[in-house]
2 protein chains.
Amino acid sequence: MDIKSTLLGFLSRQSLTGYELKKRFAISFSFFSGLSYGSIYPALKKMEKEELVTQKLEIQDGAPNRKVYTITSAGRKAFIEALKEPFHWEMPKNTFLTRLFFFAHLSPEERQAAAREHLEALQETQRQIKAFRPKIEAGADFYQLQCYHFGLRFYQDIIRNVSEVIRALEKQPDE
Amino acid sequence: MDIKSTLLGFLSRQSLTGYELKKRFAISFSFFSGLSYGSIYPALKKMEKEELVTQKLEIQDGAPNRKVYTITSAGRKAFIEALKEPFHWEMPKNTFLTRLFFFAHLSPEERQAAAREHLEALQETQRQIKAFRPKIEAGADFYQLQCYHFGLRFYQDIIRNVSEVIRALEKQPDE
DNA sequence: CCGGGCATGTAATCTGTTACATGATTGA
DNA sequence: TCAATCATGTAACAGATTACATGCCCGG
């Protein structure tokens, strides 16, 4: 699923502006990916041209004008199609793994430091995910909750995995 | 760690051609990422200009000429620096998660099918990783083996995680 | 008075893939 | 004879990020 389909997904619940879409995205997928305005606004423009969404300018006073996007029936159809498409598994590019691969070039202390640093970064992310819980539980349906729990378990697993590497590094009889 | 550093990593063991570098990469990181000639050759050219590597043309008969790249001391230094750099944790972009998030738009059967399809793709990848074992054990040092085991556990964990989602979908009292 | 939230957008840049172009050798 | 392996490279495209540009309102 590309950006477009994801935006359509959010729009199929309610009409939103580009600004609001970014927020939804941040809340729902914060721990997996982000989305910048630089990709949202052009995508919306394109989708308007393709008649997957319609746009309505709302003039506000005391606040900047907003462009509210509404999904069309063609948009709904495209979204459902995208959901059903067979998907290709994308390999995550794991920067830790690349480093670990070349750990022989570091001293035992540097190895320990690098691995621990990584572990702490993961734990910090995990804390953030947990802090997000109330926000997510507020508006999520059954599947969106599954999504959240999937994310939690995912980080739990990687943390365990990295911990195991650290343990192995400790046991390793230095060089 | 970017491509350049990774290439330097391989070159710090022995001099290699672009063609060989791709192979190394494929064996070592096949299950995490690939690298195409379209990025390797330009990267090598750039690194030559930056004097991180030197190049030597080897004329062969009966086979195409090859350009063997050798790391320089500046290259070694740059590589070690890159290894030590503090790293930012990159979120994996999980396409399954994005779909799961919008599963309410599919029928119970379609949900089951999508989830199982994903599970099977993961299991297939896992099989491939396991099949790679002898090739990796042949030339890997302690850390590179750790890397391999990390990969195995990683897939094992995701498979368990997705299985749990499937179980939850089954228990879910349809709509 | 300053930072943050609201709100939209563009341009430059980066990083990488895919497809194309070339061409000899070897083994089934 | 057909596919695979060896071997290098470019050009077009894709997908996204970052930084920039603009500007008002509100709360501390």
Side-chain angles (χ1 to χ4, degrees), chain A residues 1-7 15-27 29-30 32-50 53 55-69 82 87-95 98 135, chain B residues 1-8 10 15-27 29-30 32-50 53 55-69 82 87-95 98 135:
Chain A
M1 295 234 312
D2 54 345
I3 288 189
K4 278 202 219 165
S5 311
T6 313
L7 294 180
S15 299
L16 296 163
T17 67
Y19 189 82
E20 286 167 333
L21 277 164
K22 184 167 188 267
K23 277 187 143 186
R24 298 296 163 114
F25 209 91
I27 291 170
F29 298 115
S30 57
F32 276 102
S33 50
L35 220 47
S36 57
Y37 295 127
S39 38
I40 291 175
Y41 288 120
L44 285 170
K45 218 173 224 183
K46 222 177 173 184
M47 289 161 78
E48 203 195 335
K49 231 185 278 175
E50 294 165 349
V53 295
Q55 185 241 94
K56 205 181 167 184
L57 185 68
E58 263 183 26
I59 289 144
Q60 304 187 113
D61 56 54
N65 297 337
R66 25 192 278 137
K67 290 185 177 171
V68 182
Y69 288 90
F87 49 60
H88 50 284
W89 162 244
E90 260 185 69
M91 321 274 188
K93 46 164 57 202
N94 195 311
T95 49
T98 321
K135 267 196 186 170
Chain B
M1 295 234 313
D2 54 344
I3 289 189
K4 278 202 217 166
S5 310
T6 313
L7 295 180
L8 286 177
F10 282 110
S15 300
L16 296 163
T17 67
Y19 189 82
E20 286 167 333
L21 277 163
K22 185 168 188 267
K23 277 188 143 186
R24 297 296 164 115
F25 209 92
I27 291 171
F29 298 115
S30 58
F32 276 101
S33 49
L35 221 46
S36 58
Y37 295 127
S39 38
I40 290 176
Y41 288 121
L44 285 170
K45 218 173 224 181
K46 222 177 174 183
M47 289 161 79
E48 203 196 334
K49 231 186 279 176
E50 295 165 347
V53 295
Q55 185 240 93
K56 205 180 166 186
L57 186 68
E58 264 183 25
I59 288 144
Q60 304 186 115
D61 57 52
N65 297 338
R66 28 192 277 138
K67 289 185 179 174
V68 182
Y69 288 90
F87 49 60
H88 49 285
W89 163 242
E90 261 184 69
M91 321 274 187
K93 45 165 57 202
N94 196 312
T95 49
T98 322
K135 267 195 187 170

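Just so you know, these numbers use all the heavy atoms, side chains as well, and skip hydrogens, waters and symmetry mates.
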With a cut-off of less than 4.0 Å, is there a side-chain N or O of A:Tyr19 near OP1 or OP2 of C:dC6?
yes

DNA chain C nearest-nucleotide lookup for A:Gln55 and A:Pro64: closer to the 5′ end is A:Pro64

Practice task
Give a yes/no answer on whether the side chain of B:Gln60 brings an N or O atom under 4.0 Å of OP1 or OP2 in D:dC6.
Solution key: no

- Task: Report yes if a side-chain nitrogen or oxygen of B:Ser36 is closer than 4.0 Å to either non-bridging phosphate oxygen (OP1 or OP2) of C:dT18; otherwise report no.
- Result: no

When you compare the side chain of B:Lys22 with that of B:Tyr37, does any pair of heavy atoms fall below 4.5 Å? yes

* Asked: Given D:dT10, is OP1 or OP2 found less than 4.0 Å from the side-chain N or O atoms of B:Lys45?
  -> yes

Between NZ of B:Lys22 and P of D:dA7 the distance, given in whole Å, is 14 Å

_Taking any heavy-atom pair under 4.0 Å as a contact, classify A:Gly18: base, sugar-phosphate, or nothing._
sugar-phosphate

key: Student check: side-chain heavy atoms of A:Glu48 and A:Tyr69 closer than 4.5 Å   = yes

Considering only heavy side-chain atoms of B:Tyr37, the closest of C:dG9, D:dA16, D:dT8 is D:dT8

- Query: Any side-chain heavy-atom pair from B:Leu21 and B:Leu44 closer than 4.5 angstrom?
  - Reply: yes

Is the shortest side-chain N/O distance from A:Lys23 to OP1 or OP2 of C:dG5 below 4.0 Å? no

Whole-Å distance, A:Ile3 CD1 to D:dA14 P, equals 14 Å

Flag the pair B:Val53 / B:Leu7 as yes when at least one side-chain heavy-atom distance between them is below 4.5 Å, and no otherwise.
no

Check: Just checking B:Asn65: base, sugar-phosphate only, or nothing, at a heavy-atom cut-off of under 4.0 Å?
Finding: sugar-phosphate

Exercise for review: Please lay out, stage by stage, how A:Phe29 and A:Thr6 fare under the test side-chain contact (heavy atoms from CB on, under 4.5 Å).
Suggested key: CA-CA 11 Å; A:Phe29 298 115; A:Thr6 313; 4.2 Å; yes

N/O (side chain, B:Tyr41) to phosphate O (OP1/OP2, D:dT8) under 4.0 Å
yes

Between CD of B:Glu48 and P of D:dT8 the distance, given in whole Å, is 13 Å

From CG of A:Leu21 across to P of C:dC6 the rounded distance in Å is 14 Å

